[in-house]
Amino acid sequence: MDDISFLYSLIRNIPDFPQPGIQFKDITPILADPKGFRTSIDLFVAKCRESNVQKIVGIDARGFLFGAAAAYALGVGFIPVRKAGKLPFTRLSHSYTLEYGSNVIEMHDDAILPGERVALIDDLLATGGTAGAACKLVAQLGGIVVEAIFLIELTALNGHEQLPGVPVTTFLKY
Ligand code: AMP
């Protein structure tokens with residue numbers, strides 16, 4: 001079995017979680033499998049190497065798991081983008097609309113230096129609202145998002161549209 005087929009085999013589909021109509025893609029079997037976890041991190045790392053990434057921004061919460069491991073492997077810094085109210089230092093905020101209501105994400109205001117080449121990492125690209133907001137935070141500090149990389153993409157939701165001008169890579173497509 002090739003690497004991508006192997007990773008597909010480790011995704012667990014949970015119908016109607018956390019609410020009716022949502023097919024939740026559970027990535028915990030990938031994390032729990034030594035070969036699965038390493039294979040997934042290697043994919044992120046290879047993509048970052050192509051673009052000379054200087055910092056990784058990981059999105060709360062599963063983006064931390066993939067992003068931090070990739071940053072360690074690359075020897076670059078890791079920056080968490082968090083849900084509102086979690087970061088202790090001075091920070092930037094961005095709110096974005098969800099299907100019902102809105103959400104706020106935050107990043108420390110000293111996290112990125114002007115001109116830094118950043119890869120944005122999360123487990124899954126759905127509507128792109130979260131990743132689009134994270135890109136805006138990076139841009140506000142003068143960083144350049146040179147890659148947005150997701151293990152999984154829900155293609156019907158056209159999340160790419162929220163990331164104009166950013167090269168998007170997704171490995172498992174549904
Ligand atoms: P979005 O902002 O719509 O692109 O949503 C992306 C964020 O929500 C990511 O941080 C995902 O972890 C999470 N997410 C959205 N939909 C799903 C899903 N079907 N299964 C697992 N996680 C999801």
Side-chain angles (χ1 to χ4, degrees), residues 4 6-33 36-37 39-41 43-44 47-48 53 55-71 78-87 91-108 111-112 118-140 143 145-174:
I4 296 293
F6 179 58
L7 291 176
Y8 271 115
S9 77
L10 290 174
I11 299 287
R12 193 156 52 188
N13 286 296
I14 313 284
D16 300 320
F17 183 88
Q19 56 196 62
I22 303 286
Q23 272 271 355
F24 192 85
K25 303 293 181 204
D26 177 18
I27 50 88
T28 62
I30 290 185
L31 304 176
D33 184 288
F37 190 37
T39 301
S40 62
I41 298 304
L43 292 171
F44 283 103
K47 196 70 207 162
C48 289
V53 163
K55 243 171 209 166
I56 288 181
V57 168
I59 299 179
D60 200 345
R62 288 178 293 277
F64 297 168
L65 304 167
F66 296 105
F78 175 79
I79 306 299
V81 163
R82 298 217 63 185
K83 289 166 189 147
K86 301 284 187 187
L87 288 173
R91 58 212 165 260
L92 302 176
S93 302
H94 196 89
S95 77
Y96 58 99
T97 39
L98 301 170
E99 202 176 349
Y100 300 103
S102 67
N103 217 349
V104 178
I105 56 168
E106 299 184 331
M107 186 168 69
H108 278 152
I112 307 284
V118 171
L120 192 68
I121 287 184
D122 202 359
D123 65 328
L124 183 144
L125 178 66
T127 65
T130 316
C135 274
K136 292 199 173 93
L137 292 178
V138 173
Q140 257 181 282
V145 180
V146 293
E147 298 285 350
I149 318 169
F150 307 84
L151 186 66
I152 303 166
E153 176 180 4
L154 305 183
T155 54
L157 297 176
N158 295 318
H160 289 234
E161 288 173 5
Q162 303 302 320
L163 298 163
V166 176
V168 177
T169 301
T170 62
F171 303 111
L172 309 179
K173 297 168 206 297
Y174 290 89

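When a ligand or atom number is given, it counts from 1 through the structure's own listing order.
- Using a 4.0 Å cut-off between heavy atoms, L124 contacts ligand 1 through both its backbone and its side chain.
- Residue, atom and distance of the protein heavy atom nearest to atom 11 (C) of ligand 1 are D123 OD1, 3.5 Å.
- Contact atoms of ligand 1 toward T127: 1 (P), 2 (O), 3 (O), 4 (O) (distance under 4.0 Å to a heavy atom of the residue).
- In terms of polar-atom proximity, defined here as any N/O pair under 3.5 Å, L154 makes no such contact with ligand 1.
- The line from CG of L125 to NE2 of H160 is 6.0 Å long, rounded to the nearest 0.5 Å.
- Within 6.0 Å of NZ on K86 lie no more than 12 heavy atoms contributed by other residues, nucleotides or ligands.
- Residue-level proximity to ligand 1 for T130 is carried by backbone and side chain together, each with a heavy atom below 4.0 angstrom.
- For the atom pair CD1 of I152 and CG of D122, the computed distance is 10.0 Å after rounding to the nearest 0.5 Å.
- Scanning the protein for heavy atoms near atom 20 (N) of ligand 1, the closest one is K25 N, 2.9 Å.
- V145 pairs with exactly one of V53, V168, L137, L120 by the side chain to side chain contact (heavy atoms under 4.5 Å, CB included) rule, that one being L120.
- When the options D26, D122, V81, I105 are ranked by their closest heavy atom to atom 10 (O) of ligand 1, first place goes to D122.
- Every atom of ligand 1 is numbered from 1 in the order shown, and the set under 4.0 Å from a heavy atom of R62 is 11 (C), 12 (O), 13 (C), 22 (N).
- Protein heavy atoms are found less than 4.0 angstrom from atom 2 (O) of ligand 1.
- Closest protein heavy atom to atom 5 (O) of ligand 1: A126 CB, 3.6 Å.
- The residue among F150, F24, Y174 with a heavy atom at the shortest distance from atom 21 (C) of ligand 1 is F24.
- Counting heavy atoms from C-beta outward, I105 and Y96 have side chains that approach closer than 4.5 Å.
- Inter-residue side-chain proximity for T28 and R12 is flagged as met; some heavy-atom pair is nearer than 4.5 Å.
- Annotation: side chain of F64 is in contact with side chain of F78 (closest heavy-atom distance under 4.5 Å).
- Contact annotation: the side chain of E153 approaches that of K173 to within less than 4.5 Å [non-hydrogen atoms, C-beta and beyond].
- Polar contact with ligand 1: present for G128 (N/O pair, distance under 3.5 Å).
- Put simply, the side chain of I121 reaches to within 4.5 Å of the side chain of F44, judged on heavy atoms.
- From the protein, the heavy atom lying nearest to atom 19 (N) of ligand 1 is Q23 O, 2.9 Å.
- Using a non-hydrogen distance threshold of 4.0 Å, L98 does not register as a contact of ligand 1.
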